[in-house]
Amino acid sequence: MHVHNYEKLWLGASLLLIVGFISTIVYGAVGAGVVMVNDEGGQVNPSDLANTSGFDDPGVTKVGPNEYEVHVVALRFAFQPGTVEVPANSTVTFYVTSRDVIHGFQIVGTNANTMVIPGEVSKITVNFDEPGEYGIVCHEYCGSGHHSMAAELLVKEPSNFTMQDDTQTQTSGNGTTNATATPTGGESA
């Protein structure tokens, strides 16, 4: 059987592309240090978040020197709290869950991006080295108001950052809740 030279060329190119694609996937999964989503955040009852530690009063908690935890509740069509303030040069671990439907949680300008599923707690850790303002958006379609579902993350100079004694919540016109940081002095999960 005789195989034409053009057929040999296309077969070789196809095999080379397949090997290249597989190599890219292997490198992305192993070599680049990409961490896949896991269930280390735990589970909660989405209909009973008012009685769930951390999600009963979402906000910022200082858990160590330059270490903070932020509990966030996603609901149609807002994040609670609507504004999160943390100091620069800190490590922030976000615990995010949904009260109603599947949402997304993305901090624009960072690699923080996760799916938020009712009953599941998504855990994502981000280092903020420089002060700045970041948007938090929902990237999973969650209904007719999805396009307006956003929050704000303010990373402040450490000298300008102070923890509040009490959480202050105010509901804005679009139904979002703006909260300031609340220290509890201990870890919560």
Side-chain angles (χ1 to χ4, degrees), residues 21-22 24-61 63 67-86 90-129 132-155 167 169 171-172 174-179 181-182 187-189:
F21 290 146
I22 292 172
T24 302
I25 291 170
V26 169
Y27 173 74
V30 179
V34 175
V35 179
M36 301 306 285
V37 175
N38 59 32
D39 61 354
E40 110 179 51
Q43 295 183 335
V44 294
N45 181 351
S47 61
D48 195 29
L49 291 179
N51 296 317
T52 303
S53 177
F55 296 107
D56 54 347
D57 188 19
V60 180
T61 305
V63 294
E67 292 182 28
Y68 297 84
E69 289 182 349
V70 180
H71 286 80
V72 178
V73 176
L75 59 147
R76 282 191 238 168
F77 298 102
F79 290 104
Q80 292 179 337
T83 301
V84 175
E85 295 181 8
V86 296
S90 63
T91 300
V92 181
T93 301
F94 291 89
Y95 294 92
V96 190
T97 193
S98 172
R99 180 174 304 202
D100 44 28
V101 298
I102 294 176
H103 294 282
F105 182 82
Q106 179 180 12
I107 302 174
V108 179
T110 71
N111 64 352
N113 180 353
T114 189
M115 182 182 267
V116 183
I117 303 170
E120 300 289 327
V121 178
S122 297
K123 177 182 175 186
I124 189 164
T125 300
V126 184
N127 293 317
F128 293 103
D129 298 326
E133 295 182 18
Y134 299 88
I136 299 174
V137 297
C138 176
H139 58 75
E140 296 284 340
Y141 183 74
C142 55
S144 61
H146 165 73
H147 63 281
S148 64
M149 185 170 173
E152 183 178 37
L153 173 66
L154 303 174
V155 180
T167 298
T169 58
T171 303
S172 63
N174 64 0
T176 60
T177 302
N178 298 316
T182 305
E187 271 189 34
S188 58

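Worth saying up front: this structure is predicted, and the values here are computed from it rather than measured.
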Could you measure the distance from the [atom1] atom of [X] to the [atom2] atom of [Y]? Nearest 0.5 Å is fine.
X	Y	atom1	atom2	value
Ser90	Asn127	OG	CG	8.0 Å
Glu69	Thr91	CD	OG1	12.0 Å
Leu154	Phe128	CG	CZ	10.5 Å
Tyr68	Thr125	OH	OG1	15.0 Å
Asp48	Arg99	CG	CZ	10.0 Å

Quiz prompt | Check: Phe94 and Thr114 side chains under 4.5 Å, non-hydrogen atoms | solution =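 In short, these two side chains do not touch, never coming nearer than 4.5 Å.
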Quiz item: Are any non-hydrogen side-chain atoms of Val86 and Leu153 less than 4.5 angstrom apart?
Solution: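 The answer is yes; the side chains approach within 4.5 Å.
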Exercise. Let me see the working for Glu85 and Val60 under side-chain contact (heavy atoms from CB on, under 4.5 Å), right down to the final yes or no.
Key: CA-CA 8 Å; Glu85 295 181 8; Val60 180; 5.9 Å; no
Exercise. Indicate the ring-plane relationship of His71 and Phe55, choosing parallel, tilted or perpendicular according to the 30° and 60° boundaries.
Key: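 Perpendicular: the ring planes of His71 and Phe55 meet at over 60°.
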Atom of [X], atom of [Y] and distance for their closest heavy-atom approach:
X	Y	answer
Cys142	Cys138	SG-SG, 4.0 Å
Phe105	His139	N-NE2, 3.5 Å
Phe77	Ser144	CZ-N, 3.8 Å
Val108	Tyr134	O-CD2, 3.2 Å
Pro81	Pro58	CD-CB, 3.7 Å
Ala74	Asp100	O-OD1, 4.2 Å

Answer yes or no: is there a donor N or O on one side and an acceptor on the other, between the side chain of [X] and the main chain of [Y], under 3.5 Å?
X	Y	answer
Ser122	Met115	yes
Thr97	Glu120	yes
His103	Glu140	no

Exercise. Quickly, which of Val121, Val116, Leu49, Ile117 forms a side-chain contact (heavy atoms from CB on, under 4.5 Å) with Ser98? Name it, please.
Key: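 Among Val121, Val116, Leu49, Ile117, the one that satisfies the side-chain contact (heavy atoms from CB on, under 4.5 Å) with Ser98 is Val116.
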